[in-house]
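Report on one structure; see the data block that follows.
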Amino acid sequence: MATQENPTEKTLDQLGAAQPEQVTALFAEVRRKFDQNSAAAQDEPAFKEFRDSWLARKSGILTQITDNWLKPAKVDLKRVVGQELNALKAHVQEIITQRESELSSAAGDSVSAAERIDLSLPGVTRPIGSHHLIRQVFQEIEDIFVSIGFSVAEGPEIETPYYNFEALNIPEHHPVRDDMDTFYLDLPKGAATPLLLRTHTSPVQIRSMEKRQPPVRVIAPGKVYRRDNPDATHSFMFHQIEGLAVDTDITFCDFTGTIEYFIRQFFGAGVKTRFRPSYFPFTEPSVEFDMSCIFCGGSGANANGTTCSKCKGAGWIELFGAGMVDPAVYGFVNYDPKKVSGFAFGIGIDRLAMMKYEIDDIQVLFQNDVRFLKQFP
Ligand code: DAH
């Protein structure tokens, strides 16, 4: 039997097929060809070409078989050709439908493969961060004072002149106000009182005493503001911790003992302390506390004999102001100055942090450069 390249272009007569078995064999061959073509058409364009070559109305192979084999078939072969053709059509239809759905789901798979979340991948670790150095130093100082019976108080950063000045024994035209170039708020005309950004944490002394009767032992950490031009040691905003202890029997020894205890806890047992007379309107007597220079060990000189630049050869570093509460202050909070006594101090936190951690520019504390912050995890 002649099995040419494309037998479906010829009639059964031309192919010499006169017996039903020959017809069946021809269809079997066509079917094999179809299966081969199907297997070969793997991607989308090849599949389309394959499908059209079999199903196209005008020139598709099924149409050719209808036109060339079925229609001209002799009566005795018509039946078997019809049956075989129907079976072939069913097979072709089934395979093509199946392939179509396979191809479209494969396309769908490839989209979702790109978008799919791989749950086995390690997650994105978000850095937890850490407390800012200033927060850490606050914490350290609070822990020291809390361990000896102080509690932590807070006050507003926007204050009235009464709390920031008057009640601290700084009347309106007192020259000390000039030292505190102050930010006043712009308020509507007729406002009950002027308002300002507090220049120190000392107003919390007054607010604490107003709220309770002696004994009072509080520390008050927070931000304070002054119209200082920025440089290596000045910032318009910085941090203080105020301290206040008032009771019926507090002496100057309690005062200096407490401060010395704090300084040793914070800087180490080896440091020496001293105090010098000073002046604050709300303390009497007032002092300035110094500690022996932690960089040169108090000698004023470096190991190689050059002058210590941190204490400028003095061997001492000025720390903060303090004093016994001025009796005039008790008058503002209705304490009896004859019955109570106490001490107060105001520690500049930024300065202390700079000293302890050898930071030579206050500005880096506020620039929030992670390369700096990461050094204090
Ligand atoms: N309030 C002062 C200032 O900011 C610091 C200060 C000095 C606070 C002596 C005190 C004190 O409580 O007793 O300059």
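Just so it is clear, the model here is predicted, and its values are computed rather than measured. Start at 1 and go down the list; that is how both ligands and their atoms are numbered.
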*Any idea which atoms of ligand 1 are less than 4.0 Å away from a heavy-atom of Gln240?*
3 (C), 4 (O)
_Out of all atoms in ligand 1, which are within 4.0 Å of some heavy atom of Ala322? Include the element for each._
9 (C), 11 (C), 13 (O)
*asked:* Would Thr283 count as being in polar contact with ligand 1, using the rule that some N or O on each side must be under 3.5 angstrom apart?
replied: no
*Give the residue and atom name of whichever protein heavy atom lies nearest to atom 11 (C) of ligand 1, and the separation in Å to one decimal.*
Phe282 CE1, 3.5 Å
*Could you list the atoms of ligand 1 found under 4.0 angstrom from a heavy atom of Gly323?*
13 (O)
*Please could you name the atoms of ligand 1 that Gln205 approaches to less than 4.0 Å, counting only its heavy atoms?*
12 (O)
*Lys NZ or Arg CZ of Lys356 over Phe266 ring: under 6.0 Å, within 45°*: yes
*Is the shortest heavy-atom distance from the side chain of Phe366 to the side chain of Ile362 under 4.5 Å?*
yes
_Nearest protein heavy atom with distance in Å, relative to atom 3 (C) of ligand 1_ = Arg226 NH2, 3.6 Å
*Would you indicate which of Ser278, Pro281, Ala344, Gly346 comes nearest to atom 8 (C) of ligand 1 when only heavy atoms are counted?*
Gly346
*Please identify which atoms of ligand 1 are closer than 4.0 Å to at least one heavy atom of Ser202.*
1 (N), 8 (C)
*Of all the atoms in ligand 1, which lie at a distance below 4.0 Å from a heavy atom belonging to Phe280?*
7 (C), 9 (C)
*On the 0 to 90° scale, with breaks at 30° and 60°, tag the Phe343-Phe255 ring pair as parallel, tilted or perpendicular.*
tilted
_Could you check whether Arg207 makes a cation-pi contact with Tyr163, meaning its NZ or CZ is under 6.0 Å from the centre of the six-membered ring and within 45° of the ring axis?_
yes
*asked:* Quick test: of every protein heavy atom, which one is nearest to atom 12 (O) of ligand 1, and how far off is it to 0.1 Å?
replied: Glu242 OE2, 2.6 Å
*Between Phe345 and ligand 1, is there a nitrogen or oxygen pair with a distance under 3.5 Å?*
yes
*Does the side-chain contact (heavy atoms from CB on, under 4.5 Å) test come out yes or no for Arg51 and Arg99, once each step is laid out?*
CA-CA 10 Å; Arg51 183 191 60 194; Arg99 293 284 321 270; over 6 Å; no
*Nearest 0.5 Å please: distance from the CD atom of Gln265 over to the OG atom of Ser147.*
6.5 Å
*How are the rings of Phe332 and Tyr162 set relative to one another: parallel (under 30°), tilted (30 to 60°) or perpendicular (over 60°)?*
perpendicular
*asked:* Just checking Phe252 against Phe275, ring centres under 6.0 Å apart?
replied: yes
